[in-house]
Amino acid sequence: MDAAPLSHLEQRLIGHLQVLYPHLDAGEMARNCLATFGLDPKTESPQPHRNIWDQSDIMLITYADTLRRENEPPINTLHHFVKTELAQCISTVHLLPFFPYSSDDGFSVMDYTSVNPSAGKWRDISALAQDFKVMGDLVINHCSSRSMWFENFKAGVEPGASYFYEADPNADLSNVVRPRTSPLLREVQTKNGTKYVWCTFSHDQVDLNFENPKVLMEFLRIIRLYLEKGIRWFRLDAVAFLWKSPGTPSINLPNTHEMIRLLRLMIEHYAPNAVIITETNIPNRENLTYFGNANEAHLIYNFSLPPLLINTLVSGNCEHLKNWLMRMPPAQQGTTYLNFVASHDGVGLRPTEGLLSEWELDNLISTMKRFGGKISSRTTLTGEAKPYEINISLWDALSGSVSKGPDQWQFARFMCAAAIQLALEGLPAFYIHSLFGTENDYARVDNTGQFRSINRHIWDMDDLEHKLNTPSHHQKVFQALRNLIQIRRAQPAFHPNATQYVLHTGNKLFAFWRQSLDRRQSLFAIYNITDEPQSFNLAELNLIATDDWTDLVTDQKYEDRLAQVTLMPYQFLWLANKKSKAKQ
């Protein structure tokens, strides 16, 4: 009797597995993958090139325990705050690793299947997912040296004995690209003798060995659990380093891309509205490859935006930001950029490679140090330490200018950054501390010994509520950002995939044009990125004479198409021919 023909899903899955595991029976492994994931082989494929988002999608990035109230699980505190204060602003909550961990504020996971008891329970995650889309971190490159898997590795028993990537300390590893200065290999005493495990990030974060199909199966079980708990957005943490090969840079290898395609295939067949985001803090050209052919990441982080935008606003010159944007390809339908300016990590500097000169980079670094920032380094292939990221809160990063230092324009400069982020092609993601204008937390740095802690403040909920309800820069930032976000969410021209063209307005005015997918709404976003007034003539914008043009932020109408317009320091216009009102 002839075997039943393979379904389209099975054929595609087998194709990926044959590349990754050429010595195994791909057909049998495909059946195991589908059974592990709970997928019917006949599951229909989702339609390609779908935009699973629109202009109303705004992401909040936060740790589960950033907001704390006595005698209340922090996830519940967060859920209540977002539901009551941000429901008109936020569609998606990126909940940074909420698992039991041993270091790196969650990114050294001890148990992928449980919620850290100090944060809450799975039911709290599921409850949040009832009201908002939730993005969870799939910390896929490494896990904690204090995990059960690593204890089993040392004891020589499964699961774990074969889960970690081992290397010969005498092998040529000089080409391996590192984001840290610690030694790549860690010596470990095991039941089976001395072994050397690969640690891309720290010796507490031991890299997993995806050459072993058992590791893939473990992660399929983990992903299925997250899906069952309501998580639909997946951030693949540090995924660029996933596949290793001594003698190569061991970053962005072809099998890493193949693995992402396999995981996306499984996830989107389980949940057609699921979204994959790759976290690859690398030079811009390499970062773009993670879109694949619209079959890898749905979204990629726009890692070059934070350093270029901060540099623009403290230098008063948008040349590099403008040139970068003009070279950025429009994302295909079904893919888009994740635009952020601040996150739980620092401001990455590798994405400036080829975009800022060494002199400009040194100038930016020295300015951020002047504003209280710290600098983290990595080890280059030649063995030298090189700045890797700037650790600073966004509020302090924008406290002044390169030439004059701290000044009176901090709030205006901060809002200008947010207005640029909100208007660019892509989906905006706001780190929770940016919503409050949280300052550098030096006490936390002293407590943890980690520079990244400077921007990972823990708010006492009562203290935060007091600051948001009384005159303070925290209140001013929070109210202004909420208003601006609500205006943005209503405009079709701000759809993440709407047309964008950068305008030539010199280096002191940054401007671009957006047009809605149906071409009905046109919008000119114009920003004074300097600390002095700047003027331009509306004739330069070629406004359609038969349309009525209004600034969406102030509601001021511009009827004289030849008028001279002067923008005060860091003032901006969202000039549109139609205005859609925010939903209340």
Is the closest side-chain donor-acceptor distance between [X] and [Y] under 3.5 Å?
| X | Y | result |
| --- | --- | --- |
| S118 | N116 | yes |
| D131 | H79 | yes |
| S522 | N577 | no |
| E425 | N497 | no |
| E286 | N284 | no |

Can we call the ring centroids of Y226 and F99 under 6.0 Å apart?
yes
Do Y301 and F340 have ring centroids that are under 6.0 Å from one another?
yes
[X]: side chain to side chain donor-acceptor pair (under 3.5 Å) partners, not counting sequence neighbours:
| X | answer |
| --- | --- |
| S377 | none |
| R514 | none |
| Y501 | none |

By ring pair (Phe, Tyr, Trp, His ring centres under 6.0 Å), F201 pairs with (sequence neighbours left out) H142, F241
Under the 6.0 Å and 45° cation-pi test, does K476 pair with F411?
yes
Those residues at least two apart in sequence (or on a different chain) that pass salt bridge (Lys or Arg N to Asp or Glu O under 4.0 Å) with K579 are D555
D560, CG atom: more than 12 neighbouring heavy atoms under 6.0 Å:
yes
Are H433 and H457 close enough that some pair of their side-chain heavy atoms sits under 4.5 Å apart?
yes
Which pairs, with at least one residue in residues 530-545 and sequence neighbours excluded, count as a side chain to side chain donor-acceptor pair (under 3.5 Å)?
K404-D531, N528-T530, T530-Q534, S535-T566, N537-Q564
